[in-house]
Amino acid sequence: MKIDRMRVFVTRDKDRPRVVVALDTDDGLTGWGECYNHGPDLALPPILDYLYNFLAGQDPTRVEYLYNLMLQQNRFPPGALGLSAISALDHCLWDLAAKAAGVPVYKLLGGEVRDRIKVYAGVYTAPDAPAAKEEFDRLNEEWGFTAFKLSPWRLDIHAHRWGEVVRSSAEYFRSLRETVRSDYDIAFDAHAKIFEPAAARQLGNALAPYDPLFFEEPLRPENIEMWGDLKQGLNCTLATGESLYNRNEFLRLLQVKGADIIQPDICVVGGISEMRRIATLAEAHFVSIAPHNPMGPLATAVNVHFSAAQQNFRILEYRLPKGQCYVYGGTDIQTREDETRYVVDPYLPKDGYLELRPDRPGWGVEMDEKAMQEDGYIHWQRRVPKRPDGSYAFA
């Protein structure tokens with residue numbers, strides 16, 4: 001069995017562009033992978049074309065061999081776009097290897113250590129407590145969710161005194177706890193918008209009395225030592241890692257004791273091959289892993305297999321493939337709806353978990369090539385806020 005073709009689909013996941021990759025073999029198998037949506041997404045096809053030169057004619061079951069070949073041909077460490085492309089190709093290789101063996105991918109990873117994968121629903125805004133209750137209860141009734149992630153921001157953080165921003169966030173969480181069911185877990189994603197570690201600690205400690213599932217990514221990722229400083233005196237569970245790229249960056253984060261939960265993205269770090277290395281490092285530091293997954297249903301399928309086989313897995317971020325579009329921030333429930341069509345049979349929650357598919361080889365999903373071609377590319381770029389003085393703030 002040899003790899004003899006690559007196909008790249010520039011399509012969309014609701015209102016976001018996605019780049020999906022297929023590797024075909026000479027005996028008729030196809031492996032699938034999904035790139036991360038860093039932007040500019042249209043830069044990914046030529047990178048994939050370049051990387052395919054290292055895979056053409058190779059045996060796809062030599063996953064580690066080919067993964068290392070893609071990494072090592074980069075004299076300088078690949079960045080966001082390079083690793084996004086490598087991630088998708090790594091997904092394809094694992095899918096092909098499992099299909100060749102006639103087993104789910106998690107069987108090649110040592111077998112499942114759990115029977116189902118717990119997920120939380122990304123709401124991503126900060127709706128008023130009654131509206132949040134209504135949304136949580138709807139998601140619980142329809143899909144069994146008992147864990148949710150919100151934004152902590154009730155005020156424009158650049159237009160108000162910081163102490164007032166913190167007070168409003170704490171009051172908001174208190175009102176949530178008084179309004180929603182007591183068994184609901186609630187996480188808050190600060191979206192790397194805070195510059196000073198002391199300010200991030202102040203916000204985290206204001207949320208702490210109301211028991212957040214975790215306080216996510218308050219700071220930018222570049223200075224990893226600052227995460228260790230932040231953890232000193234922080235009284236709630238700290239999660240981060242979506243913006244880190246490889247095992248070496250995560251090792252440094254763990255060495256400085258900068259997180260209680262790490263959140264690598266399987267479409268960012270280099271695919272399952274690198275994700276497993278990162279998770280093993282975390283396990284040795286008694287840190288759990290909650291993969292970052294705001295992506296499409298193929299990325300979710302890849303995460304299901306990783307999570308099924310990883311002992312220190314905690315919970316998986318999840319977006320329904322049909323329904324609300326993605327938006328971060330603000331105080332309203334997202335009302336725009338759309339559908340992601342490139343996976344025919346996506347993993348859908350039951351009682352708040354994703355069930356394994358032991359009778360289906362590879363990722364266990366069927367791809368719709370016609371839908372990918374029909375839906376096509378949709379432009380997207382990050383909105384960068386401005387401060388009152390006219391300077392740009394963190395997106």
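FYI, side chains are in, hydrogens and waters are out, and symmetry mates aren't considered; it's all heavy atoms of this structure. Since this is a predicted model, take the numbers as computed values, not measurements.
- To the nearest 0.5 Å, atoms CG (L253) and CG (N248) are separated by 12.5 Å.
- R357 forms a cation-pi arrangement with Y347, by the criterion of a distance under 6.0 Å to the ring centre and an angle within 45° of the ring axis.
- Counting only distance, with no hydrogens or angles, the side chain of S169 and the backbone of P152 share a donor-acceptor pair below 3.5 Å.
- Two rings, from Y124 and Y328, have their centers 6.0 Å or more apart.
- More than 12 heavy atoms of other residues, nucleotides or ligands shown are found within 6.0 angstrom of CG on D27.
- Considering every non-hydrogen atom in both L23 and C92, the closest pair reads CD1-CB, 3.6 Å.
- Listed for the N68 side chain is a donor-acceptor partner under 3.5 Å among the backbone atoms of E64.
- Using a 4.0 Å cut-off between charged side-chain N and carboxylate O, E134 and R138 make no salt bridge.
- Two rings, from W143 and Y353, have their centers 6.0 Å or more apart.
- By the 4.5 Å heavy-atom criterion applied to side chains, C325 and E337 are not counted as neighbours.
- A salt bridge does not link K322 with D338: every distance from a Lys NZ or Arg NE/NH1/NH2 to an Asp or Glu carboxylate oxygen is 4.0 Å or more.
- Under a 3.5 Å cut-off, the side chain of N140 and the backbone N or O of F145 do form a donor-acceptor pair.
- Listed for the T125 side chain is a donor-acceptor partner under 3.5 Å among the backbone atoms of D332.
- Proximity of L81 to P40: side-chain heavy atoms (C-beta onward) are separated by under 4.5 Å at one or more points.
- Of the residues D13, D375, D368, the one that meets the salt bridge (charged side-chain N to carboxylate O under 4.0 Å, His left out) test with R341 is D375.
- Under the 4.5 Å side-chain criterion, counting only non-hydrogen atoms from C-beta, K118 is not in contact with S307.
- In this structure, the side chains of C236 and F214 stay at 4.5 Å or more apart for every pair of heavy atoms.
- Residues L71 and L281 are members of one and the same hydrophobic cluster, defined by side-chain heavy-atom contacts under 4.5 angstrom among Ile, Leu, Val, Met, Phe, Trp and Tyr.
- Contact annotation: the side chain of T11 never approaches that of Y377 to less than 4.5 Å [non-hydrogen atoms, C-beta and beyond].
- Within the structure, every pair that satisfies the salt bridge (Lys or Arg N to Asp or Glu O under 4.0 Å) test and touches residues 170-190, not counting sequence neighbours, is listed here: K149-D189, E171-R174, R174-E178, R181-D183.
- Geometric assessment of K193 against the ring of F394 yields a negative cation-pi assignment under the 6.0 Å and 45° thresholds.
- Counting heavy atoms from C-beta on, the side chains of K386 and S391 never come closer than 4.5 Å.
- Contact annotation: the side chain of L83 never approaches that of V268 to less than 4.5 Å [non-hydrogen atoms, C-beta and beyond].
- Taking the six-membered ring for Trp, W363 and H305 have ring centres closer than 6.0 Å.
- Under the 4.5 Å side-chain criterion, counting only non-hydrogen atoms from C-beta, H285 is in contact with L251.
- Without hydrogens or angle criteria, E34 side chain to A299 main chain gives a donor-acceptor distance under 3.5 Å.
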